[in-house]
Protein chains: 2
Amino acid sequence: MKRPTMADVARHANVSKSTVSQYLNKRYHYMGEETKLRIEKAIQTLGYEANVLARSLKQKKTSTIGVIVANILHVFSTQIIRAIEDVCHEHDFHVIVCNADDDPAKEKKYIQMLRAKQVDGFIVFPTGENKALYEDLLQEDYPLIFIDRLVEGVAVDAFLLDNHAAVQLAVDHFLSKGHERIGIITTSLIHHVTPRVERMDAFGEILKHQAITFGRAYQRGLETRDIKAGLMEMLALEEPPTAILAGNDLALIEILKAVKAYKLRIPEDFALIGIDDIPFAGLFDPPLTTIAQPTFRMGKEAADLLIHKINGVEDLKSSQIHRFPPRLIQRASC
Amino acid sequence: MKRPTMADVARHANVSKSTVSQYLNKRYHYMGEETKLRIEKAIQTLGYEANVLARSLKQKKTSTIGVIVANILHVFSTQIIRAIEDVCHEHDFHVIVCNADDDPAKEKKYIQMLRAKQVDGFIVFPTGENKALYEDLLQEDYPLIFIDRLVEGVAVDAFLLDNHAAVQLAVDHFLSKGHERIGIITTSLIHHVTPRVERMDAFGEILKHQAITFGRAYQRGLETRDIKAGLMEMLALEEPPTAILAGNDLALIEILKAVKAYKLRIPEDFALIGIDDIPFAGLFDPPLTTIAQPTFRMGKEAADLLIHKINGVEDLKSSQIHRFPPRLIQRASC
DNA sequence: CTGTTAGCGCCTTCAT
DNA sequence: ATGAAGGCGCTAACAG
């Protein structure tokens with residue numbers, strides 16, 4: 001039994017399709033009270049539901065946005081997604097989320113797919129290797145917003161943590177606790193992923209005096225699988241760091257695994273701060289001191305801006321970088 | 001600059017729209033080599049990309065499935081979603097995920113929305129309060145599959161953990177460690193959510209001898225916010241349990257929060273096993289013994305079956321309950 | 001081997 | 001206040 005169409009409703013109510021359409025779109029203008037009732041009744045008895053596909057085809061608008069996250073394993077990504085969904089829900093927009101898995105080819109495929117589906121705009125955590133793709137989107141006036149990462153030469157609105165401030169916060173806290181030999185470990189830098197690079201650079205700059213002494217030995221960007229080994233190497237140095245900053249949640253987890261595996265003690269063997277406030281941070285032993293991002297606000301503001309761009313109430317061509325302040329959550333690991 | 005349409009490509013290549021359509025759909029059959037080249041070139045120079053909406057409208061098929069999870073906060077849900085996405089990706093299907101937040105009204109709204117979007121089928125973690133809705137779907141021959149939960153009187157294929165076996169596994173392990181007074185804490189039972197009810201029932205049945213003695217005091221289904229208090233009450237009993245089974249990950253986390261807050265010791269104060277293998281289980285202090293579900297297999301098999309139903313290679317009307325075996329992951333909390 | 005024709009379900013002037 | 005007609009972009013016979 002196939003689904004009823006607008007024509008069925010019209011026939012049932014003895015009106016024309018266009019009248020039904022008016023009714024559905026609340027163009028009640030001067031529609032007869034009795035007509036409305038007849039239509040409503042027909043809709044009920046038939047169990048009619050509009051076909052969004054047909055509507056979108058005609059209106060050239062799907063009320064759907066695409067979100068491409070570089071790597072959904074980051075808690076940051078999942079939190080941002082929640083925030084985006086909240087605001088979209090309010091505005092009767094829908095969200096399709098795709099996970100590029102840090103793979104530029106996948107990212108490209110998903111963007112094409114979502115364009116084919118006629119999404120009205122994009123929020124993306126760019127892998128960074130698809131510059132031409134973003135430029136295409138822009139040139140076609142596709143509303144586009146970046147989160148967490150930038151792509152050099154692509155001028156779009158972007159929402160990022162103030163990474164320098166985040167590192168500063170951590171380093172200051174380490175220093176206040178008397179630590180002088182401070183290291184940083186983060187995930188791989190080879191793809192020039194913005195937050196990793198910015199955090200690493202900020203770290204080097206803030207601690208340039210120690211960089212002269214310890215240099216690269218204290219600052220490592222490694223593939224996830226190599227982090228445990230990298231940490232142990234760092235700790236095996238003649239003058240090992242007494243404090244370590246985990247550049248993001250994935251790095252933090254690897255460090256915690258090593259702590260467990262090698263029965264290290266925190267903060268006795270080394271103090272630890274992680275950027276990104278993972279959900280279980282407070283439940284660990286010891287509870288973990290972290291730097292939190294205002295993820296909810298970031299996601300909300302990004303989504304608001306995108307929807308405004310889609311609705312034409314905001315300049316399509318704006319390309320500001322919106323920086324958000326980090327917050328230190330002091331627990332016991334430092 | 002608007003996006004090019006098939007007509008544009010056709011004009012550019014000096015062929016008709018249908019020829020372009022054939023080309024796109026690989027109906028090359030006997031198409032002239034030279035024609036193909038012309039079309040290909042036109043597509044390239046125009047940057048043409050097919051409009052999936054129009055295609056779907058015509059074909060009455062969107063190659064998209066809807067997934068409605070009751071509560072995305074359960075790690076179980078997120079793992080299942082990953083598995084579903086994997087198999088859909090293989091079959092060139094797309095997935096739209098919606099989170100009902102354990103709210104039947106939201107669930108209903110999402111199902112209607114996805115139907116309006118013409119998804120080809122559903123995988124749902126039902127809240128349980130929308131029986132009529134599911135019956136409608138079924139009656140319209142909508143491919144539908146349940147995961148994790150059942151709805152009484154709605155005959156559809158369902159993929160669930162063998163909850164009795166899971167509880168048995170946990171209890172046996174407790175017993176083997178010499179525990180005789182065993183309690184269970186899980187999230188609220190008021191909505192008759194299948195896994196909670198089944199686990200609680202299994203628990204009562206397996207430990208009926210102790211149920212006579214301790215009864216409800218040892219078996220509690222509580223709102224998340226009340227779990228900490230409930231645990232403390234249980235521990236304050238004259239004969240407190242020496243072992244506690246957490247009915248799911250959310251209950252487990254609440255228990256861990258209480259452990260932290262009240263400085264309890266595990267397994268000295270009580271032994272602990274959680275159903276659902278949360279990601280950080282091995283990193284806790286002590287590492288947590290858990291009962292894992294084969295989430296990946298469950299998600300994969302559910303998605304495979306749904307796609308088969310959509311493609312008509314599997315009986316639409318089947319309504320088997322597929323049970324999956326749990327697995328004990330022994331760590332140190334018991 | 002390629003073009004013509006007729007919709008898919010809905011929306012939107014423009015008449016009436 | 002309501003209806004008729006055309007078209008969104010694509011596909012699927014059926015001709016040619």
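Lettering follows sequence order; numbering is per chain, from 1. Just so it is clear, the structure is predicted and the values come from calculations on it, not from any experiment.
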Practice problem: Could you check whether the rings of F159(B) and H322(B) sit parallel, tilted or perpendicular, using 30° and 60° as the cut-offs? | Solution: parallel
Quiz item: Can you tell me how far P of dA1(D) sits from NZ of K36(A), to the nearest Å?
Solution: 11 Å
Quiz item: To the nearest angstrom, how far is N25(A) atom CG from dC10(C) atom P?
Solution: 11 Å
Exercise. Send over the distance from R11(B) CZ to dT2(C) C1', rounded to a whole Å.
Key: 18 Å
Quiz item: Nearest-Å distance, NZ (K17(B)) to P (dA6(C))?
Solution: 13 Å
Quiz item: Less than 4.0 Å between a side-chain N and a carboxylate O, is that true for D102(B) and R149(B)?
Solution: yes
Exercise. Mind calculating the distance between CD (Q22(A)) and P (dC14(C)) to the nearest angstrom?
Key: 14 Å
Quiz item: Heavy atoms, side chains only, cut-off 4.5 Å: are I84(B) and F93(B) in contact?
Solution: no
Self-check item: Over 12 foreign heavy atoms within 6.0 Å of NZ, K108(A)
Solution: no
Quiz prompt | Side-chain-base donor-acceptor pair under 3.5 Å for S18(A) and dA4(D) | solution = yes
Quiz prompt | Side-chain heavy atoms of D103(A) within contact of T127(A), under 4.5 Å | solution = no
Exercise. Using atom CZ of R115(A) as one end and atom P of dG9(D) as the other, report the distance to the nearest whole Å.
Key: 15 Å
Quiz item: Tell me, which of residues 38-60 of chain A have any heavy atom that sits under 4.0 Å from an atom in DNA chain C?
Solution: Y48(A), A50(A), N51(A), A54(A), R55(A), K58(A)
Self-check item: Test side-chain contact (heavy atoms from CB on, under 4.5 Å) applied to I96(B) and T64(B), T62(B), I65(B), the passing residue
Solution: T64(B)
Exercise. Check every strand shown and say whether T5(B) touches a base, only sugar-phosphate, or nothing at a heavy-atom separation below 4.0 Å.
Key: sugar-phosphate
Self-check item: Side-chain N or O of T19(B) closer than 4.0 Å to phosphate OP1/OP2 of dG3(C)
Solution: yes
Quiz prompt | Distance, rounded to the nearest Å, where K61(A) contributes NZ and dC11(C) contributes C1' | solution = 15 Å
Practice problem: Determine, for K309(B) against D315(B), whether the closest basic-nitrogen to carboxylate-oxygen distance falls under 4.0 angstrom. | Solution: no
Quiz item: Nearest-Å distance, CE (M6(A)) to C1' (dT12(C))?
Solution: 11 Å
